[in-house]
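Report on one structure; see the data block that follows.
Any value given below was found using the heavy atoms of this structure, including those in side chains, with hydrogens, waters and symmetry copies removed.
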Amino acid sequence: MTEKWEDTSLFKERFKESTPGEMIFASRDMRGWSQAQLAEKLEKSAQFVSDLENNRRPVSRKLAARLGEAWAALNFMYGFQNVRRCLTN
């Protein structure tokens, strides 16, 4: 059985006090995506993604769902089965 990403010791240590922006940055960075690439998937600007990562914009439930959808194609490959739940909590 594959361990859930949020149950791993790496997640617990790295993200226990992280802001939503830091988590978005880490998730994007782990995939090797630029801000522009994530922005394209979200149909937003790179500045919008920068604002998210720097906590200048809040992450709404709708946006969290869109982030989950943008990353869904890679969830299985990396074992991140609950990205959406992780971002909305």
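- Looking at E22, its side chain does come within 3.5 Å of a backbone N or O of T19 through a donor-acceptor pair.
- In this structure, L42 and A70 approach most closely via the heavy-atom pair CD2-CB, 4.3 Å.
- The OG atom of S60 sits 10.5 Å away from atom CZ of R57, with the distance rounded to the nearest 0.5 Å.
- Contact detail for S50 and R56: the closest heavy-atom pair is OG-NH2, 3.3 Å.
- Remark: K41 is positioned above the aromatic ring of W33, its terminal NZ or CZ atom under 6.0 angstrom from the ring centre and at most 45 degrees off the axis.
- In terms of heavy-atom proximity, A39 sits nearest to A46 at CB-N, 3.6 Å.
- Among all heavy-atom pairs drawn from E53 and I24, the shortest one is CG-CG2, 4.0 Å.
- The line from CG of L67 to CZ of R28 is 11.5 Å long, rounded to the nearest 0.5 Å.
- One finds the CH2 atom of W71 at 8.0 Å from the CE atom of M30 (value rounded to the nearest 0.5 Å).
- Using a distance-only test at 3.5 Å, with no hydrogens or angles considered, a donor-acceptor pair links the side chain of S27 to the main chain of M23.
- Heavy atoms only, all atoms of each residue included: V59 and P20 are closest at CG2-CB, 4.1 Å.
- Counting only heavy atoms from C-beta outward, the side chains of R66 and K44 approach each other to under 4.5 Å.
- Note that OG of S45 and CG of D51 are 7.5 Å apart. Values are rounded to the nearest 0.5 Å.
- Within 6.0 Å of CD in Q37 there are more than 12 heavy atoms belonging to other residues, nucleotides or ligands.
- Under the 4.5 Å side-chain heavy-atom criterion for ILVMFWY residues, no single connected hydrophobic cluster contains both L38 and F25.
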